[in-house]
Amino acid sequence: MKCEGEAGKEVAVQDITLENTYIIATELGDIVFQVYPKKAPITVKNFLQYVENGNFEGASFYRVVRMDNQPVNPEKIEVIQGNFISGDLALPPIEHETTNNTGVLHKNGTISMARLEPGTASAAFFICINDQPELDFGGDRNPDMQGFAAFGQVIEGMEIVKQIQSGEADGQSLIKEIKINRIYKRE
């Protein structure tokens with residue numbers, strides 16, 4: 001598989017193997033993605049623990065951030081965010097792996113962990129629509145400029161991501177959340 005690298009040159013995507021491929025089965029269709037355990041080991045291990053525990057079964061995509069629903073944010077982004085709602089199932093927050101350390105940048109289709117402060121990421125994750133450099137280390141989306149922990153890439157199903165993003169919302173909350181049936185390893 002190839003993707004566009006610096007200066008528009010095509011480069012091979014690292015860590016692409018079937019063993020690193022997972023499916024987010026939603027009520028609208030499947031989103032296939034790969035994780036990068038060599039580049040973002042802490043974040044991938046955390047996310048996959050939730051997958052192995054079955055915590056995302058019945059979870060949802062509940063938040064959509066678009067250009068038209070961020071009135072107070074000077075740095076605009078485009079993402080959809082998913083999570084499960086049960087504090088009892090949450091694992092402890094993880095160490096923040098910055099894009100500066102991993103090299104996994106917030107490009108179109110990148111999967112990343114949501115957080116408040118660095119070191120508070122747990123289960124909530126988001127998928128980028130279009131390139132989002134404001135979410136990388138040094139980006140202006142958060143005052144701490146630490147960015148978010150990117151750990152994977154959608155390889156099929158971006159049309160489903162865009163369909164979710166276009167859903168009717170009250171502010172950034174989807175009026176009808178999109179159910180995540182489960183997330184599982186592609187065999």
Side-chain angles (χ1 to χ4, degrees), residues 22-33 35 40 43 46-47 50-51 55-91 93-94 96-99 104-154 157-183:
Y22 291 81
I23 298 171
I24 303 171
T26 77
E27 62 184 287
L28 299 178
D30 293 347
I31 301 166
V32 182
F33 67 102
V35 294
T43 308
N46 173 73
F47 188 82
Y50 285 109
V51 171
N55 296 129
F56 290 116
E57 291 178 18
S60 66
F61 284 105
Y62 64 93
R63 181 175 180 225
V64 292
V65 185
R66 305 184 289 239
M67 296 308 224
D68 66 352
N69 66 3
Q70 307 170 72
V72 298
N73 296 95
E75 296 296 330
K76 308 287 190 219
I77 61 170
E78 293 181 281
V79 301
I80 63 170
Q81 188 169 328
N83 197 0
F84 62 90
I85 310 299
S86 179
D88 296 344
L89 300 176
L91 300 171
I94 59 171
H96 184 57
E97 291 182 299
T98 67
T99 58
V104 182
L105 302 178
H106 290 88
K107 301 288 188 181
N108 188 43
T110 296
I111 299 182
S112 189
M113 295 303 294
R115 68 167 179 89
L116 297 173
E117 301 296 324
T120 62
S122 183
F125 66 98
F126 62 89
I127 302 174
C128 294
I129 293 97
N130 299 317
D131 293 354
Q132 305 298 324
E134 304 82 10
L135 301 176
D136 294 333
F137 179 83
D140 292 331
R141 180 62 179 198
N142 277 344
D144 62 39
M145 300 180 79
Q146 293 299 301
F148 293 81
F151 66 95
Q153 180 67 41
V154 172
M158 275 305 288
E159 69 281 0
I160 303 296
V161 173
K162 290 176 182 178
Q163 185 177 353
I164 294 168
Q165 189 203 28
S166 68
E168 188 178 353
D170 180 10
Q172 295 180 1
S173 298
L174 281 170
I175 290 175
K176 181 190 178 300
E177 294 183 2
I178 303 303
K179 184 178 177 188
I180 296 171
N181 298 321
R182 68 184 180 128
I183 301 177

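In what follows, residues are counted from 1 in the order of the sequence shown. No hydrogens, no waters, no symmetry mates; every other heavy atom, side chains included, goes into these values.
Counting heavy atoms from C-beta on, the side chains of R63 and L174 never come closer than 4.5 Å. Contact of the Q146 side chain with the E117 side chain is not registered, since no non-hydrogen atoms from C-beta on lie closer than 4.5 Å. Contact check for K176 versus E27: side-chain heavy atoms found under the 4.5 Å cut-off. Contact of the I24 side chain with the I127 side chain is registered, since non-hydrogen atoms from C-beta on lie closer than 4.5 Å. Residues D30 and T26 are not in side-chain contact: their nearest non-hydrogen atoms beyond the backbone lie 4.5 Å or more apart. Looking at I129 and V161, their side chains come closer than 4.5 Å, going by heavy atoms from C-beta outward. Here the side chains of N46 and F151 are not in contact, with every heavy-atom distance at 4.5 Å or above. Using a 4.5 Å cut-off on side-chain heavy atoms (C-beta onward), T98 and F148 make no contact.
Checked against the 6.0 Å centroid criterion, the rings of F125 and F61 qualify as a close aromatic pair. Two rings, from Y22 and F47, have their centers 6.0 Å or more apart.
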Does H106 form a side-chain hydrogen bond (donor to acceptor under 3.5 Å, both in side chains) with T99? I'd like the steps, not just the answer. CA-CA 8 Å; H106 290 88; T99 58; 5.3 Å; no
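Ring pair F56/Y50 is tilted by interplanar angle, where 30° to 60° counts as tilted.
When atom types are taken as modelled, the side chain of Q70 and the backbone of I77 share a donor-acceptor pair closer than 3.5 angstrom. Formation of a donor-acceptor pair under 3.5 Å by the D136 side chain with backbone atoms of G147 is not found in this model. A donor-acceptor pair is defined here as one N or O able to donate and one able to accept, closer than 3.5 Å; such a pair exists between the side chain of Q153 and the backbone of N108.
In plain terms, the two heavy atoms of Y62 and G82 that are nearest each other are CE2-C, 3.8 Å. Nearest heavy atom pair, residue A150 against residue V104, reads CB-O, 3.4 Å.
Counting non-hydrogen atoms of neighbouring residues, nucleotides and ligands closer than 6.0 angstrom, the CG atom of D144 exceeds 12 such neighbours.
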